[in-house]
Q: 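Take this structure first; my questions come after.
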Amino acid sequence: MNSEFRFIPYRQPEMSEDERIERAEDFYLLMNRRRSIREFSGKEVDRKLIELAVRTAGTAPSGANKQPWRYIIVSDPDLKREIRSAAEKEEKENYERRMPKEWLDDLKQFGTDWHKDFIETAPFVVVVFRIDYMNDDGSVKKHYYVNESVGISVGIFIAALQNMGLVTLTHTPSPMNFLSKILKRPSNERAFLLMPVGYPADEASVPEIKRKSPDEIMEFL
Ligand code: IYR
(Lines give C-alpha, C1' and ligand atoms only; values in the text may rest on other atoms or scores of the structure.)
Protein backbone atom coordinates (compact mmCIF):
# COMPACT_ATOMS: atom_id res chain seq x y z
CA MET A 1 0.00 0.00 0.00
CA ASN A 2 1.36 3.37 -1.00
CA SER A 3 0.43 5.43 2.04
CA GLU A 4 2.20 7.56 4.58
CA PHE A 5 0.12 5.74 7.22
CA ARG A 6 1.28 2.30 8.25
CA PHE A 7 -1.03 -0.68 8.67
CA ILE A 8 0.07 -3.73 10.64
CA PRO A 9 -1.36 -7.26 10.38
CA TYR A 10 -4.22 -8.22 12.69
CA ARG A 11 -4.59 -11.83 13.77
CA GLN A 12 -7.14 -13.42 16.10
CA PRO A 13 -6.05 -16.36 18.28
CA GLU A 14 -7.41 -19.71 17.06
CA MET A 15 -10.53 -20.96 18.87
CA SER A 16 -12.89 -23.88 18.34
CA GLU A 17 -16.65 -23.27 18.07
CA ASP A 18 -17.19 -25.09 21.40
CA GLU A 19 -14.62 -22.91 23.09
CA ARG A 20 -16.31 -19.76 21.77
CA ILE A 21 -19.64 -20.83 23.22
CA GLU A 22 -18.13 -21.82 26.55
CA ARG A 23 -16.29 -18.51 26.85
CA ALA A 24 -19.37 -16.54 25.78
CA GLU A 25 -21.52 -18.29 28.40
CA ASP A 26 -18.92 -17.84 31.13
CA PHE A 27 -18.60 -14.12 30.33
CA TYR A 28 -22.37 -13.66 30.29
CA LEU A 29 -22.72 -15.39 33.67
CA LEU A 30 -19.92 -13.25 35.11
CA MET A 31 -21.50 -10.02 33.86
CA ASN A 32 -25.02 -11.07 34.84
CA ARG A 33 -23.85 -11.29 38.46
CA ARG A 34 -22.89 -7.59 38.39
CA ARG A 35 -25.02 -5.25 40.46
CA SER A 36 -24.74 -1.57 41.27
CA ILE A 37 -23.56 -1.39 44.88
CA ARG A 38 -24.24 1.53 47.23
CA GLU A 39 -22.85 0.07 50.48
CA PHE A 40 -19.09 -0.32 50.52
CA SER A 41 -16.63 -1.98 52.88
CA GLY A 42 -13.66 0.13 53.97
CA LYS A 43 -11.40 -2.79 52.98
CA GLU A 44 -8.37 -1.59 51.05
CA VAL A 45 -8.05 -2.25 47.34
CA ASP A 46 -4.65 -2.83 45.74
CA ARG A 47 -3.92 0.20 43.57
CA LYS A 48 -2.57 -2.16 40.87
CA LEU A 49 -6.12 -3.42 40.33
CA ILE A 50 -7.46 0.08 39.65
CA GLU A 51 -4.56 0.74 37.31
CA LEU A 52 -5.34 -2.43 35.37
CA ALA A 53 -9.05 -1.59 35.19
CA VAL A 54 -8.28 1.87 33.81
CA ARG A 55 -5.73 0.49 31.34
CA THR A 56 -8.45 -1.92 30.20
CA ALA A 57 -10.94 0.98 29.88
CA GLY A 58 -8.32 2.76 27.80
CA THR A 59 -8.55 0.03 25.13
CA ALA A 60 -12.03 1.27 24.12
CA PRO A 61 -12.70 2.38 20.57
CA SER A 62 -13.18 6.13 20.19
CA GLY A 63 -14.02 8.70 17.54
CA ALA A 64 -10.92 9.15 15.33
CA ASN A 65 -9.03 7.33 18.10
CA LYS A 66 -8.89 10.53 20.15
CA GLN A 67 -9.30 8.55 23.38
CA PRO A 68 -11.21 11.46 24.91
CA TRP A 69 -11.24 10.21 28.51
CA ARG A 70 -9.33 10.88 31.70
CA TYR A 71 -9.74 8.80 34.86
CA ILE A 72 -9.02 10.70 38.07
CA ILE A 73 -8.61 8.30 40.98
CA VAL A 74 -9.18 9.70 44.45
CA SER A 75 -8.20 7.93 47.67
CA ASP A 76 -7.19 10.95 49.78
CA PRO A 77 -9.72 11.11 52.67
CA ASP A 78 -9.86 14.95 52.71
CA LEU A 79 -10.60 15.09 48.98
CA LYS A 80 -13.21 12.36 49.30
CA ARG A 81 -14.88 14.27 52.15
CA GLU A 82 -14.91 17.44 50.06
CA ILE A 83 -16.42 15.61 47.07
CA ARG A 84 -19.06 13.92 49.24
CA SER A 85 -20.07 17.18 50.84
CA ALA A 86 -20.42 18.98 47.47
CA ALA A 87 -22.28 16.02 45.90
CA GLU A 88 -24.70 15.81 48.83
CA LYS A 89 -25.40 19.53 48.62
CA GLU A 90 -26.48 19.16 44.97
CA GLU A 91 -28.34 15.91 45.57
CA LYS A 92 -30.27 17.35 48.52
CA GLU A 93 -31.46 20.10 46.20
CA ASN A 94 -32.31 17.48 43.54
CA TYR A 95 -34.33 15.23 45.83
CA GLU A 96 -36.06 18.04 47.72
CA ARG A 97 -36.70 20.49 44.89
CA ARG A 98 -35.39 19.75 41.38
CA MET A 99 -36.60 16.22 40.59
CA PRO A 100 -40.23 15.86 39.49
CA LYS A 101 -42.54 13.43 41.32
CA GLU A 102 -42.46 10.94 38.44
CA TRP A 103 -38.68 10.67 38.71
CA LEU A 104 -38.76 10.28 42.50
CA ASP A 105 -41.42 7.57 42.10
CA ASP A 106 -39.20 5.72 39.60
CA LEU A 107 -36.34 5.75 42.12
CA LYS A 108 -38.33 4.52 45.14
CA GLN A 109 -37.50 0.85 44.45
CA PHE A 110 -33.77 1.60 44.82
CA GLY A 111 -34.06 3.27 48.21
CA THR A 112 -31.76 6.13 47.21
CA ASP A 113 -31.77 9.57 48.79
CA TRP A 114 -29.38 12.51 48.96
CA HIS A 115 -26.98 10.83 51.40
CA LYS A 116 -23.87 9.63 49.58
CA ASP A 117 -21.86 7.83 52.29
CA PHE A 118 -20.22 5.61 49.66
CA ILE A 119 -18.10 8.52 48.43
CA GLU A 120 -16.20 8.39 51.72
CA THR A 121 -16.49 4.69 52.53
CA ALA A 122 -15.21 3.27 49.24
CA PRO A 123 -11.40 3.14 49.17
CA PHE A 124 -11.31 4.68 45.68
CA VAL A 125 -13.55 7.24 44.01
CA VAL A 126 -12.95 7.24 40.27
CA VAL A 127 -14.13 10.37 38.49
CA VAL A 128 -14.22 10.05 34.72
CA PHE A 129 -13.80 13.19 32.66
CA ARG A 130 -14.66 13.62 28.99
CA ILE A 131 -12.12 15.59 27.01
CA ASP A 132 -14.10 17.69 24.54
CA TYR A 133 -11.16 19.22 22.68
CA MET A 134 -7.40 19.68 22.82
CA ASN A 135 -5.79 23.07 22.73
CA ASP A 136 -2.26 22.46 21.56
CA ASP A 137 -0.08 24.96 19.67
CA GLY A 138 -2.80 27.58 20.08
CA SER A 139 -5.41 25.88 17.90
CA VAL A 140 -8.50 24.15 19.24
CA LYS A 141 -8.95 20.57 17.96
CA LYS A 142 -12.44 19.23 18.66
CA HIS A 143 -12.96 15.59 19.50
CA TYR A 144 -15.62 13.39 17.92
CA TYR A 145 -18.44 11.31 19.45
CA VAL A 146 -17.10 12.05 22.92
CA ASN A 147 -20.21 10.85 24.78
CA GLU A 148 -20.29 7.55 22.91
CA SER A 149 -16.53 7.02 23.29
CA VAL A 150 -16.42 7.71 27.02
CA GLY A 151 -19.58 5.64 27.56
CA ILE A 152 -17.96 2.65 25.86
CA SER A 153 -14.77 3.12 27.87
CA VAL A 154 -16.69 3.20 31.15
CA GLY A 155 -18.57 0.05 30.10
CA ILE A 156 -15.27 -1.74 29.64
CA PHE A 157 -14.04 -0.34 32.98
CA ILE A 158 -17.11 -1.77 34.72
CA ALA A 159 -16.58 -5.17 33.05
CA ALA A 160 -12.91 -5.15 34.12
CA LEU A 161 -13.91 -4.42 37.74
CA GLN A 162 -16.49 -7.20 37.67
CA ASN A 163 -13.86 -9.61 36.34
CA MET A 164 -11.54 -8.79 39.26
CA GLY A 165 -14.27 -9.16 41.90
CA LEU A 166 -14.63 -5.46 42.69
CA VAL A 167 -17.90 -3.53 42.76
CA THR A 168 -18.93 -0.05 41.74
CA LEU A 169 -21.82 2.33 41.21
CA THR A 170 -22.29 4.66 38.24
CA HIS A 171 -23.14 7.82 40.14
CA THR A 172 -24.10 11.06 38.41
CA PRO A 173 -24.45 13.86 40.94
CA SER A 174 -26.04 16.73 39.07
CA PRO A 175 -24.84 19.25 38.14
CA MET A 176 -21.30 17.86 38.24
CA ASN A 177 -19.19 20.97 37.66
CA PHE A 178 -18.09 21.00 41.32
CA LEU A 179 -15.85 18.04 40.43
CA SER A 180 -13.84 20.11 37.94
CA LYS A 181 -13.20 22.67 40.65
CA ILE A 182 -12.30 20.27 43.47
CA LEU A 183 -10.12 18.12 41.21
CA LYS A 184 -8.62 21.17 39.44
CA ARG A 185 -9.37 19.95 35.91
CA PRO A 186 -8.60 22.10 32.87
CA SER A 187 -11.50 23.71 30.97
CA ASN A 188 -11.43 21.20 28.07
CA GLU A 189 -12.46 18.43 30.50
CA ARG A 190 -15.98 17.88 31.84
CA ALA A 191 -17.04 15.42 34.52
CA PHE A 192 -18.87 12.43 33.01
CA LEU A 193 -19.40 9.95 35.86
CA LEU A 194 -18.33 9.30 39.44
CA MET A 195 -17.68 5.73 40.47
CA PRO A 196 -16.90 4.53 44.00
CA VAL A 197 -14.84 1.35 43.67
CA GLY A 198 -14.17 -1.28 46.30
CA TYR A 199 -15.65 -4.32 48.01
CA PRO A 200 -19.28 -4.57 49.11
CA ALA A 201 -20.00 -4.08 52.82
CA ASP A 202 -20.73 -7.35 54.65
CA GLU A 203 -24.32 -6.24 55.12
CA ALA A 204 -24.70 -4.88 51.56
CA SER A 205 -28.04 -5.59 49.91
CA VAL A 206 -29.39 -4.76 46.48
CA PRO A 207 -32.94 -4.20 45.25
CA GLU A 208 -34.64 -7.19 43.65
CA ILE A 209 -34.83 -6.14 40.03
CA LYS A 210 -35.36 -8.04 36.79
CA ARG A 211 -33.34 -7.84 33.60
CA LYS A 212 -35.32 -7.58 30.37
CA SER A 213 -35.74 -10.90 28.54
CA PRO A 214 -33.66 -11.65 25.41
CA ASP A 215 -36.79 -11.03 23.29
CA GLU A 216 -37.21 -7.59 24.77
CA ILE A 217 -33.67 -6.47 24.06
CA MET A 218 -32.97 -7.98 20.63
CA GLU A 219 -34.54 -8.78 17.32
CA PHE A 220 -32.88 -10.66 14.45
CA LEU A 221 -34.08 -9.69 10.99
N1 IYR B 1 -28.37 11.22 40.94
C2 IYR B 1 -29.28 10.91 42.03
C3 IYR B 1 -30.60 10.40 41.56
C4 IYR B 1 -30.61 9.13 40.79
C5 IYR B 1 -30.99 9.16 39.46
C6 IYR B 1 -31.08 8.01 38.73
I7 IYR B 1 -31.74 8.07 36.85
C8 IYR B 1 -30.75 6.78 39.32
O9 IYR B 1 -30.84 5.60 38.58
C10 IYR B 1 -30.39 6.74 40.66
C11 IYR B 1 -30.30 7.94 41.38
C12 IYR B 1 -28.60 9.95 43.00
O13 IYR B 1 -27.52 9.48 42.73
O14 IYR B 1 -29.17 9.67 44.06
Side-chain angles (χ1 to χ4, degrees), residues 31-42 45 50 53 57 69-77 79-130 132 146-162 166-183 185 189-201 203-213 216-217:
M31 292 310 294
N32 196 36
R33 281 201 300 273
R34 187 204 59 78
R35 292 298 308 267
S36 291
I37 297 298
R38 294 182 169 83
E39 296 155 293
F40 284 77
S41 148
V45 167
I50 307 292
W69 42 70
R70 189 149 181 96
Y71 287 74
I72 305 296
I73 301 136
V74 182
S75 58
D76 177 72
L79 263 184
K80 285 198 295 182
R81 193 175 317 113
E82 199 180 342
I83 293 171
R84 175 186 175 178
S85 156
E88 287 185 333
K89 194 168 156 225
E90 293 294 355
E91 290 296 300
K92 193 161 191 297
E93 196 61 23
N94 287 338
Y95 278 90
E96 292 178 358
R97 273 176 278 276
R98 295 197 281 239
M99 287 150 82
K101 179 174 181 305
E102 190 182 340
W103 194 349
L104 293 171
D105 285 347
D106 268 341
L107 292 184
K108 275 195 184 129
Q109 59 175 315
F110 307 106
T112 59
D113 61 23
W114 62 266
H115 294 94
K116 302 299 168 193
D117 305 44
F118 54 76
I119 297 178
E120 274 190 270
T121 331
F124 288 104
V125 171
V126 177
V127 186
V128 187
F129 286 83
R130 44 175 290 164
D132 290 310
V146 174
N147 234 22
E148 291 84 347
S149 304
V150 183
I152 295 167
S153 174
V154 166
I156 294 175
F157 180 66
I158 292 168
L161 293 176
Q162 178 67 8
L166 293 176
V167 298
T168 188
L169 170 73
T170 46
H171 176 47
T172 51
S174 171
M176 279 203 271
N177 40 3
F178 68 86
L179 290 164
S180 296
K181 216 183 282 164
I182 295 175
L183 300 173
R185 301 317 304 160
E189 293 184 13
R190 274 193 290 154
F192 183 80
L193 257 187
L194 182 160
M195 286 180 285
V197 176
Y199 297 97
E203 69 280 12
S205 64
V206 292
E208 200 176 350
I209 53 165
K210 272 226 285 289
R211 304 218 194 271
K212 286 186 177 177
S213 69
E216 286 174 290
I217 65 168

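One-based numbering, in listed order, for ligands and for the atoms of each. All heavy atoms count here, side chains included; hydrogens, waters and symmetry mates do not.
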Q: Just to verify, what does Asp76 make a salt bridge (charged side-chain N to carboxylate O under 4.0 Å, His left out) with, not counting sequence neighbours?
A: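 For Asp76 there are no salt bridge (charged side-chain N to carboxylate O under 4.0 Å, His left out) partners, ignoring immediate neighbours.
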
Q: Of the protein's non-hydrogen atoms, which lies at the shortest distance from atom 7 (I) of ligand 1, and what is that distance?
A: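 Result: Trp103 NE1, 3.6 Å.
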
Q: Which atoms of ligand 1 sit under 4.0 Å from any heavy atom of Thr172?
A: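 In order of numbering, the contacting atoms are 1 (N).
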
Q: Any idea which part of Phe110 is under 4.0 Å from ligand 1, heavy-atom wise: side chain, backbone, both or neither?
A: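 Near ligand 1, Phe110 shows nothing, with every heavy atom at 4.0 Å or more.
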
Q: With distance as the sole test, does Thr168 use its side chain to make a donor-acceptor pair with the main-chain N or O of Pro196 at under 3.5 Å?
A: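 Side chain of Thr168 to backbone of Pro196, a donor-acceptor pair under 3.5 Å: yes, one is there.
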
Q: Before accepting this row, confirm whether a basic side-chain N of the pair Arg185/Glu189 lies closer than 4.0 Å to the acidic partner's carboxylate O.
A: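 Yes.
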
Q: Report, in ascending order of atom number, the atoms of ligand 1 lying under 4.0 Å from any heavy atom of Glu91.
A: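 Contacts of ligand 1 toward Glu91, numbered from 1: 1 (N), 2 (C), 3 (C), 12 (C), 13 (O), 14 (O).
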
Q: Using a distance-only test with no angle check, is there a side-chain donor-acceptor pair under 3.5 angstrom linking His115 and Asp117?
A: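 There is no such pair (donor and acceptor under 3.5 Å, judged by atom type) between the side chains of His115 and Asp117.
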
Q: Identify, for atom 3 (C) of ligand 1, the protein heavy atom at the shortest distance, and state residue, atom and that distance.
A: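 It is Tyr95 OH, 3.4 Å.
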
Q: Applying a 4.0 Å heavy-atom criterion (strictly less than), which segment of Trp114 is in contact with ligand 1: side chain, backbone, both, or neither?
A: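 Neither part.
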
Q: Over 60° means perpendicular and under 30° means parallel, so classify the ring planes of Phe157 and Tyr71, tilted if in between.
A: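 The rings of Tyr71 and Phe157 sit tilted, inter-plane angle from 30° to 60°.
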
Q: Any idea which protein heavy atom is nearest atom 9 (O) of ligand 1, and the distance to it?
A: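 Of the protein heavy atoms, Leu107 CD2, 3.8 Å lies nearest.
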
Q: What atoms in ligand 1 come closer than 4.0 Å to a heavy atom of Lys116?
A: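 Atoms satisfying the 4.0 Å criterion: 12 (C), 13 (O), 14 (O).
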
Q: Report, in ascending order of atom number, the atoms of ligand 1 lying under 4.0 Å from any heavy atom of His171.
A: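 Going through ligand 1 atom by atom, the ones under 4.0 Å from His171 are 12 (C), 13 (O).
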
Q: With the threshold set at 4.0 Å, does a side-chain nitrogen-carboxylate oxygen contact exist between Glu93 and Arg97?
A: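 A salt bridge is present here (some side-chain N lies under 4.0 Å from a carboxylate O).
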
Q: Identify the residue among Thr170, Val127, Leu179 that makes a side chain to side chain contact (heavy atoms under 4.5 Å, CB included) with Leu193.
A: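 Output: one option passes, namely Thr170.
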
